[in-house]
There are 2 protein chains.
Amino acid sequence: MKSKSSYGIRSIDVARLAGVSRSAVSRAFTEGAYIADETREKVLKASEQLGYSPNAIARGLITRRSRMVGVVVADLSNPFYAGVLEATCLKLQQHGLAPLLLSCRHSQDLDSLIPQLLAYQVDGVLIAASTLSSTIATQCARAGRPVVLINRYVSYDAVSAVTCDNVGGGRAVADRLVAGGHRRIAFLAGLEDTSSSRDREKGFVGRLGELGIALHARDVGNYAYEGATAAVRRLLSKRPRPDAIFCANDTMAIAAIDVARNEFGLELPRDLSIAGYDNIDAASWQGYDLTSVDQNLDRMVATAIDLLLRLRDDPGSRPQHVQVPARLEVRGSTRAVPPAKSVRRLTKLRGAGGSRAA
Amino acid sequence: MKSKSSYGIRSIDVARLAGVSRSAVSRAFTEGAYIADETREKVLKASEQLGYSPNAIARGLITRRSRMVGVVVADLSNPFYAGVLEATCLKLQQHGLAPLLLSCRHSQDLDSLIPQLLAYQVDGVLIAASTLSSTIATQCARAGRPVVLINRYVSYDAVSAVTCDNVGGGRAVADRLVAGGHRRIAFLAGLEDTSSSRDREKGFVGRLGELGIALHARDVGNYAYEGATAAVRRLLSKRPRPDAIFCANDTMAIAAIDVARNEFGLELPRDLSIAGYDNIDAASWQGYDLTSVDQNLDRMVATAIDLLLRLRDDPGSRPQHVQVPARLEVRGSTRAVPPAKSVRRLTKLRGAGGSRAA
DNA sequence: TCATCTTCTGCACACGTGTGCATTACCGCA
DNA sequence: TGCGGTAATGCACACGTGTGCAGAAGATGA
């Protein structure tokens with residue numbers, strides 16, 4: 001009707017209807033542009049009437065700003081990273097940016113996928129739960145697209161990173177377990193080649209050492225439920241049996257609880273304490289009530305996006321590594337104080353019944 | 001070096017290096033274009049050397065195909081929809097498409113967000129776990145952007161939908177529970193205004209009716225853990241107490257199990273059978289071992305994307321509603337056969353010990 | 001050798017927008 | 001009236017690409 005059966009309404013159509021030039025239309029949609037209030041009013045009214053909104057593709061071409069951010073998430077089946085993605089979307093939206101998503105398996109080579117993102121001229125790249133090679137990193141840098149990792153970091157100085165204080169989180173768990181009287185303490189690692197798992201272990205084992213306790217056992221669960229069940233079976237079969245396990249994420253901790261209860265008949269936290277990392281929703285479910293380190297997801301995401309935008313807009317800014325503090329969310333899967341061991345041993349020897357005094 | 005410190009490499013740069021025209025470069029990257037093998041070879045080599053890949057923004061502008069698809073997910077904290085998103089990404093990638101993500105709270109008005117997606121000239125819109133108003137739907141239709149809902153449907157004929165056979169899934173659960181000897185059967189709805197919850201209830205209650213059983217109780221959990229715990233407390237406080245609950249999704253079913261065990265001291269499936277819907281990862285965890293309806297996520301997503309592409313490419317195609325079959329995954333949270341009631345009652349009266357015969 | 005056909009290439013236009021620059025309209029003041 | 005100054009507007013170019021069309025180069029047949 002207007003021009004081409006209203007299929008695609010262009011700024012020229014709005015201009016004609018409002019009786020102004022195409023430039024005026026453009027300016028009406030540009031924050032802080034030099035335009036009379038009256039004119040802007042007219043333009044917006046005409047736009048409303050025609051259902052016009054500026055073509056973001058064309059705008060991106062001319063401004064060399066696509067207003068899109070590439071977002072890479074390696075493991076969406078992990079609720080923590082689903083949460084990261086959700087928070088990222090919301091935050092980007094608040095900045096008028098749109099997330100162009102790239103999902104991949106854990107071990108898949110991002111290197112072949114990132115160029116695809118760059119082809120879309122994204123203003124930057126956020127990568128959660130994965131890393132990229134230095135080759136691709138420099139390629140991004142050369143193209144002027146800042147890269148910010150979430151929860152991982154690398155040594156190339158072209159890449160920024162925002163992580164939780166994984167070392168600190170590990171230390172906090174160590175303190176908690178030792179305070180609970182545990183001495184035969186085990187660690188269940190995530191993926192061996194991730195900085196997150198390594199740092200949590202470093203903090204945990206380091207603090208145990210400071211407290212004069214050596215790690216009793218160690219295994220690897222690959223951050224997954226299935227991997228963890230097998231690993232926990234091995235851990236709990238060891239003699240003497242561990243009396244506490246720190247798992248590098250919640251999914252594995254939940255697997256640990258399941259195996260401990262159902263396959264070994266243990267009761268938590270009497271026979272065994274278990275702590276996790278991430279503080280996902282399931283950690284607060286009654287069935288698990290899991291002590292877990294909270295990564296402050298919202299703050300991590302907000303920091304990452306702020307950093308990305310600064311790197312994009314401020315030519316003087318340099319890539320950096322930011323840490324966000326961790327917080328231990330204490331729940332029922334770890335005990336607060338040592339049990340009165342002697343008493344319990346006595347009752348056991350005497351048989352059923354017995355003193356319920358301290 | 002080449003032109004502008006290699007900041008943005010353009011097709012003209014490649015053309016010069018390869019000693020051909022810019023058109024040849026374009027054709028080298030276009031499937032099935034009219035170009036000599038030798039020339040293409042030259043161009044690709046030069047591109048490799050310069051790290052060139054065509055600017056997808058510019059291409060989108062000229063071809064009027066952005067090769068991006070708007071993907072809307074309402075509830076990423078629900079692992080099922082996180083899975084939908086992951087599958088969607090993978091499938092789109094296989095078709096050379098990129099997902100432009102839009103995440104929103106459940107009740108938020110998509111109507112203000114969808115135009116944002118359209119501004120990016122997406123080739124179509126996929127919406128999971130949410131719907132849109134007819135106003136916006138016609139706006140999409142007028143712009144020639146097909147819309148496909150996943151797991152919801154609406155009556156406007158401009159909008160396609162792919163859903164699981166929710167009625168069939170509800171019926172299958174009814175059959176299973178009745179076969180287990182249950183007669184006081186309750187239903188826990190999700191969100192009242194969703195077609196998914198309504199259809200599951202319709203199938204479930206309808207089949208119960210065919211079997212001569214009236215619904216014993218009903219409540220609403222809003223598809224969330226917290227909402228469900230409160231609702232299940234009410235359900236299990238009713239006298240006589242329900243002996244089976246069908247929850248409209250797994251998250252609520254898990255809440256139901258937790259409340260039943262920890263607050264009412266019930267044992268599953270002896271005292272209570274519980275079934276869910278979605279078959280999320282957590283349903284197979286040892287701690288829950290939840291009978292659940294599998295929606296065949298991959299097939300739903302694949303169907304939705306095929307439909308979207310057909311609507312985009314074939315001018316003769318019309319919006320439609322496709323159903324994917326449901327499959328009941330039977331696990332330990334529902335019993336297979338009625339318990340030998342009389343015997344159990346006898347043993348109870350007599351005290352401990354007693355016949356372990358049938 | 002010439003005509004015809006095939007195979008490929010390059011020219012030039014188009015996509016829809018933002019923005020620098022020149023120009024216009026208008027107001028106040030001498 | 002004339003003039004300088006300010007506020008607003010329109011012109012025209014640029015962004016990087018795909019593709020219709022015409023034409024060139026080479027092959028084939030008469």
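Chain identifiers are assigned alphabetically (A, B, ...) following the order of the sequence lines, protein sequences preceding nucleic acid strands; residue numbering begins at 1 within each chain.
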Check: Are B/Tyr52 and D/dG16 close enough that a side-chain N or O sits under 4.0 Å from OP1 or OP2?
Finding: no
Checklist line | B/Leu110 side chain reached by B/Thr131 side chain, heavy atoms, under 4.5 Å | finding: no
Next item on the list: Could you tell me the separation between the CD1 atom of A/Ile57 and the P atom of C/dA14, rounded to a whole number of Å?
Entry: 21 Å
Next item on the list: Round to the nearest Å and state the distance from A/Tyr120 atom OH to D/dT17 atom P.
Entry: 14 Å
Checklist line | Residue A/Arg59, side-chain heavy atoms: nucleotide from D/dG16, D/dA8, C/dT17 that is nearest | finding: C/dT17
Check: Any idea which of D/dG10, C/dG16, D/dT9 is nearest the A/Ala36 side chain?
Finding: D/dT9
Checklist line | Rounded distance in Å - CZ (A/Arg67) to C1' (D/dC15) | finding: 16 Å
Next item on the list: Could you check if a side-chain atom of A/Ser103 sits within less than 4.5 angstrom of a side-chain atom of A/Val73, using non-hydrogen atoms only?
Entry: no
Check: Rounded to the Å, how far apart are B/Gln121 CD and C/dT17 P?
Finding: 8 Å
Next item on the list: Figure out the CZ/P separation between B/Arg64 and C/dC13, and round it to whole Å.
Entry: 19 Å
Margin query: Taking only side-chain N and O atoms of A/Ser21, does any of them lie within less than 4.0 angstrom of OP1 or OP2 on D/dT9?
Written below: no
Next item on the list: Could you check how far CZ of A/Arg10 sits from P of C/dA14, rounded to whole Å?
Entry: 12 Å
Notebook entry, point to check: Quick one: the side chain of A/Arg22 and the base of C/dG18, do they pair up donor-acceptor inside 3.5 Å?
Noted result: yes
Item checked: Audit row: B/Leu117, B/Arg145, side-chain contact (heavy atoms from CB on, under 4.5 Å) steps and yes/no -> CA-CA 10 Å; B/Leu117 279 186; B/Arg145 317 290 170 189; over 6 Å; no
Note to self: On the side chain of A/Arg27, is there an atom forming a donor-acceptor pair with the base of D/dG10 - under 3.5 Å, no angle test?
What the structure shows: yes
Next item on the list: For B/Leu61 and D/dT19, give me the distance from atom CG to atom P, rounded to whole Å.
Entry: 13 Å
Margin query: The test is side-chain contact (heavy atoms from CB on, under 4.5 Å); show your working for B/Leu132 and B/Leu149 and say whether it passes.
Written below: CA-CA 9 Å; B/Leu132 74 181; B/Leu149 303 184; 4.2 Å; yes
Notebook entry, point to check: Is A/Thr63 near enough to C/dG18 that one of its side-chain N or O atoms lies under 4.0 angstrom from OP1 or OP2?
Noted result: no
Item checked: Side-chain N,O (B/Tyr34) to OP1/OP2 (C/dT9) below 4.0 Å -> no
Next item on the list: Would you indicate which nucleotide in C/dT19, D/dG18, C/dG16 comes nearest to any side-chain atom of B/Ile62?
Entry: D/dG18
Check: A/Ser26 has a side chain; which of C/dT9, C/dT19, C/dG16 sits nearest to it?
Finding: C/dT19
Notebook entry, point to check: Rounded to the nearest 0.5 Å, how far apart are CG of B/Leu307 and OG of B/Ser317?
Noted result: 8.0 Å
Check: D/dG10 phosphate, OP1 or OP2: any side-chain N/O from A/Ser23 under 4.0 angstrom?
Finding: no
